[in-house]
Amino acid sequence: MTTPPHAAPEDAAPRLLFWYDRNRRDLPWRAKPGEVADPYRVWLSEIMLQQTTVPAAAPYFRAFTERWPTVRDLAAAPLDDVLVAWAGLGYYARARNLHKCAQAVAAERAGCFPDKEAALLDLPGIGAYTAAAITAIAFGRKATVVDGNVERVISRVFAVEDPLPGVKPKLRALAAILTPDERPGDYAQAMMDLGATVCTPRKPKCMLCPWSDWCAARAAGVQEQLPRKAAKADKPTRRGVAFWLLNPDGAVLLRRRAEDGLLGGMTEVPSTPWAGHAPGDAEIAESAPLDLPWRSLPGVVRHTFSHFHLELGVVAARAGDGWRKAEGLWVPVDRLGGQALPSVMMKVVRHALAHA
DNA sequence: AATTCGTGGAG
DNA sequence: TCTCCAAGAAT
């Protein structure tokens, strides 16, 4: 580690904590002043908040904690119940790892989360950020928490010009220098709140910032340019055709996706493979769950994943007496809500119901 | 080290 | 419409 470009004042951390005490946000997972943090709730919230906004995670957090109040309750639940409850939140490996982690903590640690970063890192779904966050917020132990907010704050305060993600180790080292011994949990949350509400990606509210007087980026007038980021690859478009098939009972044919990879373990409307080119008639017939006179519905379902766009045509048919030969599960239309349907598949369902 | 993994809101 | 992006992890 090189010498910081400029020194932080001795009272940097106390000033941030002073700001935090006066701007504390009331979030569903946040212990109120004086309350003892519940490691289960801290862990659950941190998993849900990975790459996810507070408004998106909040209703899921309420639903999970009401249904599964303890880590043992969550561990005892079938994975499929967890996937159904997680449906719509995205990054479904989080849900699978959440369940694995709960089972590990319940079975091997008597339901108690470890309070050290190294042990936390051994658990599924817990990486450097989450291990530090749990250590600091749930157990009140010193740890340097570095998420996207902290990276932005640090890159600005020290006017770090090197682009992400390569500069991450340097930002972490600088963040560690600032981390105080006192109030580790509050400091971690204060850093993230500062980034989320004041030191924002666009139009940072420097007038409200407790660190504005020593922020190197602000002094240079480059706060809106930092942190610099490497250009990201553009997203290709993949195309496919989904099969909306009803049986004589009015149930829809669904399938369970492979346990790993995109939407792993989730439920889907059967479809052709999603390829760079639209499937031809032969490919559609090849993938069809039954050999039927499929009629194509008007329009297309568009969805954007983390790394590609998807355009899905929809074809529909009614299965006759041979409907039992189709591979998959038949679900009554009014019970689709009980399925682990990710958002893209909810779009397909809505499209089919609107046009079929 | 570079990819793969979702989603919905903001601008 | 389109880009960016939000409390990252696993491989």
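Note on naming: letters A, B, ... go to the chains in the order of the sequence lines (proteins, then strands), and numbering restarts at 1 for each one.
- Residue-level contact check: A/Trp29 touches the bases, meaning some heavy atom is under 4.0 Å from a base atom.
- Across all non-hydrogen atoms, the minimal contact from A/Ala87 to A/Tyr60 is O-OH, 2.8 Å.
- When heavy atoms are screened at a 4.0 angstrom cut-off, A/Leu27 is found touching base atoms of the nucleic acid.
- The cationic group of A/Arg257 lies under 6.0 Å from the six-membered ring centre of A/Trp274 and within 45° of the ring axis, placing it in a cation-pi geometry.
- Remark: P of C/dA6 and CG of A/Leu194 are 14 Å apart, rounded to the nearest angstrom.
- A ring-centre distance under 6.0 Å is not found for A/Phe61 and A/Phe64.
- At a threshold of 4.0 angstrom between heavy atoms, the contacts of A/Arg152 are confined to the sugar-phosphate backbone, with no base atom among them.
- Regarding A/Arg94, its CZ atom lies at a distance of 9 Å from the P atom of C/dG8, rounded to whole Å.
- A salt bridge links A/Arg183 and A/Asp21; the closest N-O separation between the charged side-chain nitrogens and carboxylate oxygens is under 4.0 Å.
- A/Pro124 comes within 4.0 angstrom of sugar-phosphate atoms only, judged by non-hydrogen atoms across all strands, and of no base.
- For C/dC5, the OP1/OP2 oxygens have a side-chain nitrogen or oxygen of A/Lys232 closer than 4.0 Å.
- For the pair A/Trp86/A/Met48, a side-chain contact is recorded, criterion being any heavy-atom separation below 4.5 Å from C-beta on.
- For A/Leu164 and B/dA1, the CG to P distance is 15 Å, given to the nearest whole Å.
- Straight-line distance from the CG atom of A/Asp147 to the P atom of C/dC5: 14 Å, rounded to whole Å.
- Side-chain N or O atoms of A/Arg141 include one that pairs as donor or acceptor with a backbone N or O of A/Asp115 at under 3.5 Å.
- Atom pair A/Lys203:NZ and C/dC5:P shows a separation of 15 Å (rounding to whole Å applied).
- Nucleic acid contact for A/Arg172: none, since no nucleic acid atom lies under 4.0 Å from a heavy atom of the residue.
- Atom pair A/Asn97:CG and C/dA10:P shows a separation of 6 Å (rounding to whole Å applied).
- Nearest heavy atom pair, residue A/Arg96 against residue A/Leu79, reads CA-CD1, 4.2 Å.
- Taking atom P on both C/dT11 and B/dG6, the two are 14 Å apart, rounded to the nearest angstrom.
- Using a 4.5 Å heavy-atom cutoff, the side chains of A/Leu353 and A/Trp244 are in contact.
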Please tabulate the protein-to-nucleotide N/O contacts below 3.5 Å involving nucleotides 3-5 of chain B, giving atom names and distances.
residue, atom, partner, partner atom, Å
B/dC5, OP1, A/Leu262, N, 3.3
B/dC5, OP2, A/His307, NE2, 3.1

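- Across every non-hydrogen atom of A/Val241 and A/Pro279, the tightest pair is CG2-CG, 3.7 Å.
- Figure legend: cation-pi geometry between A/Arg22 and A/Tyr20 absent, as NZ or CZ is not positioned both under 6.0 Å from the six-membered ring centre and within 45° of its axis.
- Map A/Gly125 and A/Gly195 each onto its nearest nucleotide of DNA chain C; the residue landing nearer the 5' end is A/Gly195.
- Rounded to whole Å, the distance from CD1 on A/Ile126 to P on C/dA10 is 8 Å.
- Within the nucleic acid shown, A/Ala128 comes within 4.0 Å of sugar-phosphate atoms alone, with no base atom in reach, counting heavy atoms only.
- Listed by residue number, the members of residues 43-55 of chain A with any heavy atom below 4.0 angstrom from DNA chain C are A/Glu46, A/Leu49, A/Gln50, A/Gln51, A/Thr53.
- Nearest nucleotide to the side chain of A/Ser343, out of B/dT7, C/dA9, B/dG11: B/dT7.
- In this entry the distance linking CG of A/Leu121 with C1' of C/dA9 reads 11 Å, nearest Å.
- Relative to the side chain of A/Tyr129, the nucleotides C/dG8, B/dG6, C/dA10 differ in distance, and C/dG8 lies closest.
- Rounded to a whole angstrom, the distance from the C1' atom of B/dC5 to that of C/dA6 is 15 Å.
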